[in-house]
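Heads up, the thing below is written out as structure tokens.
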Amino acid sequence: MKDSKYILVTGGAGYIGSHTVVELYENGFTPVIVDDFRNSHYSVIEGLEKITKTDIIYRKIDVCNFNAFENIFIEFSFVGIIHFAAYKAVGESVLEPIKYYRNNLDGLLNCLELAQIYKVHDIVFSSSCTVYGEPKGVNVVTENTSVQPANSPYGNTKQIGEEIINDVINSGAELKILKLRYFNPIGAHDTGLIGELPIGKPNNLLPYVTQTAIGTLEKLIVFGNDYPTHDGTCVRDYVHVCDVANAHVKGLEWLMKQNSNMTDTVNIGTGKGTSVLEIIHIFEKVSEQLLNWEFGNRREGDVPEIYADVTKAEQLLDWKANRNVKDAIFDAWNWELKRRNE
Ligand code: UD1
């Protein structure tokens, strides 16, 4: 299609990527997914096609393979890039650091190099609140809160990724790059056709909760009950994945209005903290069933309490989360039930 506004979405079959593909369609863009499906399923494409009622454009390509990746830039004339493709399991990154550095950094470097060669100026990069580590003396973090030494190779790839971007912009590159630091994305599309699809045992809280409730997992262990928080369990800023997806569209639209050679960073969260116990209680209400859980030891590296100051997202991108934690848990449970009944 000649007039299509093609957006390259690396890792577009992944959790946040797939929800962003829907948002892009709904906002007049034509997303082109590049994903090698090593950490995602083809069924995501089917779900996307049902939601968008259109043929999804996707190519099975590893973004670390420069030549293969270049082909997509030859095939399509992109107006923007959203770079998701990366590994994200903290524990695995500690055991296999080289795999994480190679994948997360080679993919980003190829993306930046090809963007320059093919003059695709607008790029949104997936970063994470993990870059704040354990912030000193504050629970609510702004984009100016200092970055702390990473406590895992995964976290380090996000920090180094941000530094690479800053260096590339400082070199005078004709690029505009928005770094979005996500807090804790949860939930699923309200159709229940796409959602979080962890391969193997999940690491994150919400899929652990829903898989325990459905009987795939036996019991949820709450990591620690003696944190200095209001109920002793860790507090996070859980944000609906569709709101996170929408932030990318707002981000791209904002980038397109900026002058070249700039980068900026924006927190993507709700600005509200929720504890693990509160998540369990909300889940039990929403699902109308009791969850099998018990307290266990603290998980190494967990920060007691962190949530986003979202002022900048509102002011700069005109973005804010429209859904609350209860909506997100409802959609996550709906997704789990729908998968089970298929
Ligand atoms: C984790 C990563 C973070 C990454 C994010 C991606 C760690 C230390 N941090 O964030 O770098 O960007 O995922 O989504 O892994 N919990 C339990 N029992 C469980 C699982 C989790 O009690 O079985 C608790 C955790 O202790 C934590 C909260 O639930 O307090 C959320 O955990 P999780 O979903 O893993 O997210 P983060 O640790 O915030």
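Counting starts at 1 for both ligands and their atoms, following the listed order. In this text the structure is predicted, and so the values were computed from the model without any measurement.
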Checking a contact table here: which protein heavy atom is nearest atom 32 (O) of ligand 1, and how many Å away?
Arg299 NH2, 3.5 Å
Any donor-acceptor N or O pair under 3.5 Å, side chains Glu196, His19
no
Numbered atoms and elements of ligand 1 in range of Cys234, under 4.0 angstrom, heavy atoms:
30 (O)
Lys176/Asp264 ion pair, N-O < 4.0 Å
no
Numbering as shown, the atoms of ligand 1 that approach Val222 to under 4.0 Å (heavy-atom distance):
22 (O)
Side chain, backbone, both or neither: Ile221 near ligand 1, heavy atoms under 4.0 Å
backbone
Using a distance-only test with no angle check, is there a side-chain donor-acceptor pair under 3.5 angstrom linking Tyr100 and Glu92?
yes
May I ask you to say whether Asp302 pairs ionically with Arg236, meaning some side-chain N is under 4.0 Å from a carboxylate O?
yes
Dump the intermediate steps for side-chain hydrogen bond (donor to acceptor under 3.5 Å, both in side chains) on Ser126 and Tyr182, then the final yes or no.
CA-CA 8 Å; Ser126 286; Tyr182 319 134; 2.7 Å; yes
Passing option when Asp331 is tested against Lys326, His240, His189 for side chain to side chain contact (heavy atoms under 4.5 Å, CB included)
His240
With heavy atoms and a 4.0 Å threshold, my read on which part of Asp302 contacts ligand 1 is side chain
The one among Ile186, Ile306, Leu205, Val94 that brings a heavy atom closest to atom 34 (O) of ligand 1:
Leu205
Among all protein heavy atoms, pick the one closest to atom 12 (O) of ligand 1 and tell me residue, atom and distance.
Ser128 OG, 3.0 Å
Suppose we measure from atom 24 (C) of ligand 1 to each protein heavy atom; which comes out shortest, and what is that distance?
Val276 CG2, 3.8 Å
Is ligand 1 less than 4.0 angstrom away from at least one heavy atom of Tyr238?
yes
Pick one of side chain, backbone, both or neither for how Asn203 approaches ligand 1, counting any non-hydrogen atom pair under 4.0 Å.
backbone
Got an N/O contact under 3.5 Å between Glu300 and ligand 1?
no
Do Lys250 and Asp318 meet the salt-bridge criterion of a basic N to acidic O distance under 4.0 Å?
yes
Taking a cutoff of less than 4.0 Å between a non-hydrogen atom of the residue and any ligand atom, is Arg236 in contact with ligand 1?
yes
Which residue and atom name correspond to the protein heavy atom nearest atom 2 (C) of ligand 1, and how close is it?
Val90 CG2, 3.5 Å
Atom 19 (C) of ligand 1 [closest protein heavy-atom partner, distance rounded to 0.1 Å]
Phe223 CE1, 3.2 Å
Please determine, by modelled atom types, if Asp35 and Tyr42 share a side-chain donor-acceptor pair under 3.5 angstrom.
no
Among Asn204, Val209, Ile280, Thr130, which residue places a heavy atom closest to atom 5 (C) of ligand 1?
Asn204
Under 4.0 Å from a heavy atom of Leu220: give me the atoms of ligand 1 that qualify, with their elements.
18 (N), 19 (C), 23 (O)
Using heavy atoms and a threshold below 4.0 Å, how should the contact between Tyr154 and ligand 1 be classified: side chain, backbone, both, or neither?
side chain
Using the six-membered ring wherever Trp is involved, compare the ring planes of His248 and Phe84 and label them parallel, tilted or perpendicular (cut-offs 30° and 60°).
tilted
min-distance protein heavy atom vs atom 36 (O) of ligand 1 -> Asn184 ND2, 3.1 Å
Charged N-O contact under 4.0 Å between Arg181 and Glu143
no
What pair of heavy atoms forms the shortest contact from Glu49 to Ile56, and how long is it?
OE2-N, 2.8 Å
